[in-house]
Amino acid sequence: MTVIIPSVPHARLSPPPFTMSILRRLPFHPLTLRHQLPRRRFATLAAVRLDTTVWTPTPISSIDIAAESLFHISIDVSNSPDLVASHTLPGQYLQLRLPDVEKPSFLAIGSPPSLAAASGAFEFLVKSVAGSTAELLCGLRKGDVVELSQVMGNGFNIDKIDPPEDYPTVLIFATGSGISPIRSLIESGFGADKRSDVRLYYGARNLRRMAYQDRFKEWESSGVKVVPVLSQPDDSWTGESGYVQAAFVRAKQIHSPKGTGAVLCGQRQMTEEVTSMLVADGVSSEKILKNF
């Protein structure tokens with residue numbers, strides 16, 4: 001059978017771009033969901049997930065100066081039993097949101113869980129940083145309303161360094177506002193009086209920047225030896241100076257690495273360097289507790 005192709009002026013027939021043999025060798029890529037949905041759709045889905053946070057309006061009970069650039073803030077949660085019940089361990093944290101401020105602030109709870117259960121208060125140590133939500137928070141007054149999320153985080157898992165007779169040495173390291181969750185730990189009680197060597201290395205720039213000095217005697221009476229360390233002390237200072245990791249190196253005295261636990265909270269460089277030193281001394285990394 002003969003096929004007749006009508007002539008078309010100035011028309012040319014191009015050969016097919018691929019032969020069938022080439023097409024058989026080309027890889028087949030099925031269309032995935034990633035190709036089907038535009039990125040804007042994913043952004044919308046992410047926004048929906050972020051909006052699932054439950055916010056509880058709560059009034060501020062008090063705002064007091066705790067140290068230079070640090071504020072002690074108490075928030076009344078007595079009318080929020082679910083919020084109170086969500087705080088179960090020292091070292092936990094939550095989000096705090098201010099009216100008409102888009103970005104919330106993450107804050108570690110400084111008070112022990114028992115305080116919220118007994119008096120209906122969450123207490124925080126907040127560093128006022130210029131341009132931040134924390135700065136706006138520190139400028140509020142008693143009675144102003146803020147919003148709190150549910151309490152989050154696993155806190156300090158003290159079960160890992162219990163019972164006290166098996167872990168007689170507990171080394172605690174804190175810098176700046178990182179002392180806030182450490183206060184929660186100490187005042188919650190972790191058997192410090194049943195351990196032979198519990199030390200808190202607490203670092204700040206100077207005494208004006210060191211919060212909770214009025215609590216040191218109470219902490220000492222509970223079995224915690226407080227070692228203040230100042231990085232920029234004045235001429236009258238006779239205590240430890242420099243950084244907390246350097247003060248620890250000077251003291252050392254780890255008699256039994258297997259019976260030693262540690263709790264760390266503060267600057268990343270400090271936590272990383274102290275962790276390396278403890279592990280090098282034979283302390284198990286599983287016994288070095290952090291709240292993040």
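Remember, it's a predicted structure, so these values are computed and weren't measured experimentally.
Using a cutoff of 4.0 Å between basic side-chain nitrogens and carboxylate oxygens, Arg205 and Glu68 are not scored as salt-bridged. Salt-bridge formation is not detected for the pair Lys142/Asp64: no Lys NZ or Arg NE/NH1/NH2 atom is positioned less than 4.0 Å from an Asp or Glu carboxylate oxygen.
Around CG of Asn154, the count of heavy atoms belonging to other residues, nucleotides or ligands within 6.0 Å does not exceed 12. Crowding of Phe71 atom CZ: a count of heavy atoms from other residues, nucleotides or ligands under 6.0 Å exceeding 12. Few gaps surround CZ on Arg250; more than 12 heavy atoms of other groups in view lie less than 6.0 Å from it. Other residues, nucleotides and ligands contribute at most 12 non-hydrogen atoms within 6.0 Å of the CD atom of Gln269. Atom CD of Gln267 sits in a sparse spot, with 12 or fewer heavy atoms from other residues, nucleotides or ligands closer than 6.0 Å. Few gaps surround NZ on Lys252; more than 12 heavy atoms of other groups in view lie less than 6.0 Å from it.
Grouping the Ile, Leu, Val, Met, Phe, Trp and Tyr side chains by contacts below 4.5 angstrom, directly or via other members, places Ile182 with Ile158. Under a hydrophobic-cluster definition in which Ile, Leu, Val, Met, Phe, Trp and Tyr are linked whenever side-chain heavy atoms come within less than 4.5 Å, directly or via other members, Tyr212 and Val224 are assigned to the same cluster.
In this structure, Asn206 contributes its side chain and Arg208 its backbone to a donor-acceptor pair below 3.5 Å. For Glu218 (side chain) and Arg215 (main-chain N/O), no donor-acceptor pair under 3.5 Å exists by modelled atom type. With hydrogens and angles ignored, the 3.5 Å screen pairs a side-chain donor or acceptor of Thr133 with a backbone N or O of Lys103. The closest donor-acceptor contact from the side chain of Ser78 to the backbone of Gly120 lies at 3.5 Å or more, if one exists at all. In this structure, the side chain of Asp144 engages the main chain of Arg141 through a donor-acceptor pair within 3.5 Å. Counting only distance, with no hydrogens or angles, the side chain of Arg195 and the backbone of Gly223 share no donor-acceptor pair below 3.5 Å. Listed for the Lys287 side chain is no donor-acceptor partner under 3.5 Å among the backbone atoms of Ala262. Side-chain atoms of Tyr202 come within 3.5 Å of backbone N or O of Ala211 as a donor-acceptor pair. The main-chain N or O of Leu207 is found under 3.5 Å from a side-chain atom of Gln213 such that the two form a donor-acceptor pair.
Under the 30°/60° scheme for interplanar angles, the aromatic rings of Trp219 and Phe216 are found to be tilted.
Between Ser184 and Gly91, the shortest heavy-atom contact is OG-N, 4.2 Å.
Considering only heavy atoms from C-beta on, Ile75 comes within 4.5 Å of Leu96 through its side chain.
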